[in-house]
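Both ligands and their constituent atoms are indexed starting at 1 by order of listing.
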Amino acid sequence: MSGKDKLVIFDTTLRDGEQSPGASMTADEKMRVAKALERLRVDVIEAGFAIASQGDFESVKAIAEAIKDSTVCSLSRAKDADIDRAAEALKNANSARIHTFLATSPIHMQHKLRMTPDEVVEQAVRSVKRARNYVDDVEFSCEDAGRSEVDFMCRIIEAVIDAGATTINIPDTVGYAMPRQYGETIRTLIERVPNSDKAIFSVHCHNDLGLAVANSLDAVANGARQVECTINGLGERAGNASLEEIVMAVRTRSDFFAVETGINTEEIVPASRLVSSVTGFPVQPNKAIVGANAFAHESGIHQDGVIKHRETYEIMKAEDVGWKTNRMVLGKLSGRNAFRQRLDELGISLGSEQELNEAFTRFKDLADKKSEIFDEDIQALVSDAKKFAEAERCNLVSLAVGSQTGETPICNIVVSVDGDEKTASAEGAGPVDATFKAIEQIADSGSVLELYSVNAITSGTDSQGEVTVRLEKGGRIVNGHGSDIDIVVASAKAYLDALNHLYSDVKENPQHGV
Ligand code: KIV
Ligand code: ZN
């Protein structure tokens, strides 16, 4: 035992992170992220906001049923119906938390809630008591705490702890706080609230001024014992505090912090890649810990130093956060059992024998074109196979593009729509543009392309390209993903995947139309 306090890592990638415009995930993607968070050994996974929609409810429920090693949490406003819905979604969880919140800043109470401070205290207490009827683990957040008055927060916090709250969260909702000031607020609250020893104090910082991690760490130095954070710092507006930065700061500066986390740091990079790939939000190369350049030394002086003695310029080991040189895991001669075993090792479960067959066929096709197959290749082809097995409405049948200097690129495409093969031909500014135009001739979706991004899955020119396409229609935003060694094919798959998401949303909500 180190004698240090435990710092609870509360991940909100699936809730606050998913609220980021364009970062919405399908139920299957949310489950994959939840499993990656469990492998990371995150203490609490905020799986969603159960009352927000039927889809949110279902995915909180499914995650609560599947996750065994982390506590699963649902957000709920301080309203009876929200709390009941959260409890219903969480009822089969191994370990469940209800997180309820109410604004405590003068500006929010007066203009948004239109409630007096007395009414706010009363509603907060009622909600916490209601949540405690369902679960023992209840978190209360003073929304906009960063702009709330300390005296009022002391009053409401004492009342909700008496009502049964076990975690008190002090969110800097609008990213307004400054490190020293925020840390002092946390210390003052812990010192002044008479029953503060009966709850864990938590922080949840937004990054509007680029200070989310600094504020969170200052709070930890001043007594906070839970940090709410997200993978890659995903989240509303400028995002939340980034999990990887918090965890590695606490670990690397264990001389400074009196706390330790239970995070399996080697799972950080795989989790970061997964979140980036499902949301289509790339990680900037110079991002701390998980950026492609985070451990790359370019200058000769640095390289020389690192070769002579690694610690001259490196404060962390790349392998400790999960950076590996791409490991060749399977090849052309690998059989079905080796493939299945690798899927198990990667924590990938395929729902049916049909999905496994589809994935194995795709693996063999890929191995014919590419001699070394890496874990990242397997993750990508499994995603494609799952989509195919789910019998999506639109599937790529074949594609031919013509592209040569001095000529206008052209695409001839065959797409199957509900089992009927349809062909189209279109010209465009480039082969991808021509392909998207040809698909639109068939689909006539009327959607607007909001984002197109391509990322090489592994290194080398035979790497698969992973493409994200984001489409917007009538205020709805969907992401589509596709991967292939040929990036035009990957682009077509991604566009069709996004259309399938638009169509499936319409099936569930016919009022949306496509
Ligand atoms: O930023 C915020 O205040 C929140 C709360 C719901 C915790 O996300
Ligand atoms: Zn937030």
- [ ] Drop me the distance from Phe140's CZ to Ile170's CD1, to the nearest 0.5 angstrom.
- [x] 9.0 Å
Open item on the list: Distance check, rounded to the nearest 0.5 Å: Tyr134 atom OH versus Ser76 atom OG?
Closed with: 10.5 Å
Task: Ring centroid separation Tyr452 to Phe436 under 6.0 Å - done: yes
TODO: Count up the protein N, O or S atoms sitting under 2.8 Å from the Zn ion (ligand 2), would you?
DONE: 3
Do [Y] and [X] meet the salt-bridge criterion of a basic N to acidic O distance under 4.0 Å?
X: Glu267; Y: Arg41; answer: no
X: Arg476; Y: Glu472; answer: no
X: Glu88; Y: Arg85; answer: no

Open item on the list: Could you go through Asp218 and Arg180, starting from their C-alpha distance and side-chain angles, then the distance that decides it, and tell me whether this counts as salt bridge (Lys or Arg N to Asp or Glu O under 4.0 Å)?
Closed with: CA-CA 7 Å; Asp218 196 45; Arg180 218 168 44 197; over 6 Å; no
Open item on the list: With a 4.5 Å cut-off on side-chain heavy atoms, are Arg470 and Val478 touching?
Closed with: no
TODO: State whether the side chain of His108 and the backbone N or O of Leu113 hold a donor-acceptor pair below 3.5 Å, judged by distance alone.
DONE: no
Quick check on ligand 1: any N or O pairs to the protein under 3.5 Å? One line per pair.
from: ligand 1; atom 1: 1 (O); to: His204; atom 2: NE2; distance (Å): 3.1
from: ligand 1; atom 1: 1 (O); to: His206; atom 2: NE2; distance (Å): 3.0
from: ligand 1; atom 1: 3 (O); to: Thr173; atom 2: OG1; distance (Å): 2.6
from: ligand 1; atom 1: 8 (O); to: Arg15; atom 2: NH1; distance (Å): 3.4
from: ligand 1; atom 1: 8 (O); to: Arg15; atom 2: NH2; distance (Å): 2.9
from: ligand 1; atom 1: 8 (O); to: Asp16; atom 2: OD2; distance (Å): 3.1
from: ligand 1; atom 1: 8 (O); to: His204; atom 2: NE2; distance (Å): 3.1

